[in-house]
Amino acid sequence: MFYGVDLTSRLMLGTAQYPSPQVLLEAIEASGAEVITVSLRREGAAGGAFRDLLAKSRCRLLPNTAGCHTFREAVTTARMAREVFGTSWIKLEVIGHADTLQPDPFALVEAARVLCAEGFDVFPYTTEDLIVGEKLLEAGCKVLMPWGAPIGSGQGLRNLQGLRTMRAHFPDVPLVVDAGIGAPSQAAQAMELGFDAVLLNTAVAKAVNPVGMARAFGRAIQAGREGHQAGLMLERDMASASTPVFGLAELA
Amino acid sequence: MRIDLNGQTIETQARTLADLLSEQGFESPCVATAVNGDFIARPLRSGTPLNDGVKVEVLSPMQGG
C-alpha cells in the first residue's frame, strides 16, 4: 500500500534513456508496471511527443526531483511537478555527490518535512541507514526507498545485510529498493527479502532488447514476491539429504 | 528588458510572467514556472512582474528515472 494505493505490479519503471518513445511504451506494457517515473526539464524538441506518450501509458505518474543537489532546488522542483503532473506523489531525490549520486540525508529529511507538511506523498530516495529512515518517517513519509547500489551502476544489492536489517526494523513501512538494480535476479532477490517494490530504469532502457528485459523484470519481481510470501527455507551450514534414508538398500 | 530564460539571456517586451509565456510560445497548461528559484503557481503568473536580470525557468514533463 503506497499512500493508500494498492498496486498489482510491484515494479516501478523509469522512462529515461530508451532508444525511442515507441520502445518505451512497449517496455512499459511488457513490464506490467502501473507506476512510471518522470521528471521536469527545460523542454527539448521531443517534449510534446512525451506528453502524448504519458497519456497513452495509463500509468500512475511518480515525478522525481532528479538532479537536485539542495533543499531549495528539490522543494521548488516538487512544487512545480505537482502542478504540471497533477499528482501529490513525489520521488524526492537530493543528491549529495555528483559521482556517487548518493543522497544527502540531511537535506533530504529537511525537504521531506516541508513537502509532507504541504500535503505531498513523499517517496524519499535514501540509503539503508536506519536512523535516516526513522527521521524520514518522523518528517511524515509513509514509504522509504533505500538504494540497492549507486544509480545506474547495475551492481544489485550491494549491502544485502543492511537491507535485510532495514526490512526487519521497519516491518510495517512500505519499502522500495530504488536504484542500482542491473539484472532480474537482483530484483527478485529484493522481493524475496520482503521489499514491497523495486524501482529501476537503466537495466531495462539499456538492455539489448528493452521490451524483452522489461517483461523479464516484471516476471522476476512477481516470482520474488511469491517466493517471499510462500516463506523461504532456512539456510544450513551442512548438507541434508532430501531423499529419505529409510528403506535404502544394502548393496555394499 | 533583458532576462534569463532557461539559461539563455533574451530581450523581452513582457512585463509579467504570463506575458512572457505567451510571447515565447509556451503552452501555458503544459509547463511549470519558477522565478529566481521560487515556484510560481499558474494562477499567480499574471500577477508576477518581471524585472531586468530576473531568472525564469519554464519546465515541462520529460523522461526520468
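Side chains included, hydrogens not; waters and symmetry mates left out as well; all remaining heavy atoms used. Throughout, protein chains are lettered first and strands after them, A, B, ... in sequence-line order, and every chain is numbered starting at 1. All figures in this text were calculated on a predicted structure; none of them were measured in a lab.
Here the side chain of A:T76 pairs no donor or acceptor atom with the backbone of B:D38 at under 3.5 angstrom. With hydrogens and angles ignored, the 3.5 Å screen pairs no side-chain donor or acceptor of A:R41 with any backbone N or O of B:M62.
When every heavy atom of A:L199 is checked against every heavy atom of B:G65, the shortest pair comes out as CD2-C, 4.5 Å. Residues A:F85 and B:P61 approach most closely at CE2-CB, 3.4 Å, considering heavy atoms.
Proximity of A:L40 to B:S60: side-chain heavy atoms (C-beta onward) are nowhere separated by under 4.5 Å.
Annotation for A:F106: atom CZ does not count as buried by contact number, only 12 or fewer foreign heavy atoms lying within 6.0 Å. The neighbour count for B:Q13 CD, taken as heavy atoms of other residues, nucleotides or ligands under 6.0 Å away, does not exceed 12. Remark: A:E29 CD is loosely packed, at most 12 non-hydrogen atoms of other residues, nucleotides or ligands lying under 6.0 Å away. More than 12 heavy atoms of other residues, nucleotides or ligands shown are found within 6.0 angstrom of CZ on B:R45. Residue B:E27 qualifies as open at atom CD: its count of foreign heavy atoms under 6.0 Å is 12 or below.
In this structure, the separation between CD on B:Q63 and CD1 on A:I36 is 10.0 Å, given to the nearest 0.5 Å. Rounding to the nearest 0.5 angstrom, the gap separating the CZ atom in A:R72 from the CZ atom in B:F39 is 14.0 Å. In this structure, CZ in A:R42 is found 8.5 Å from CG in B:L5, a value given to the nearest 0.5 Å.
For B:E57, the parts lying under 4.5 angstrom from a heavy atom of chain A are both the backbone and the side chain. Proximity to chain B (any heavy atom under 4.5 Å) is shown, for A:E73, by neither the backbone nor the side chain.
By number of non-hydrogen pairs under 4.5 angstrom with chain B, the leading residue of A:R82, A:M12, A:E83 is A:E83.
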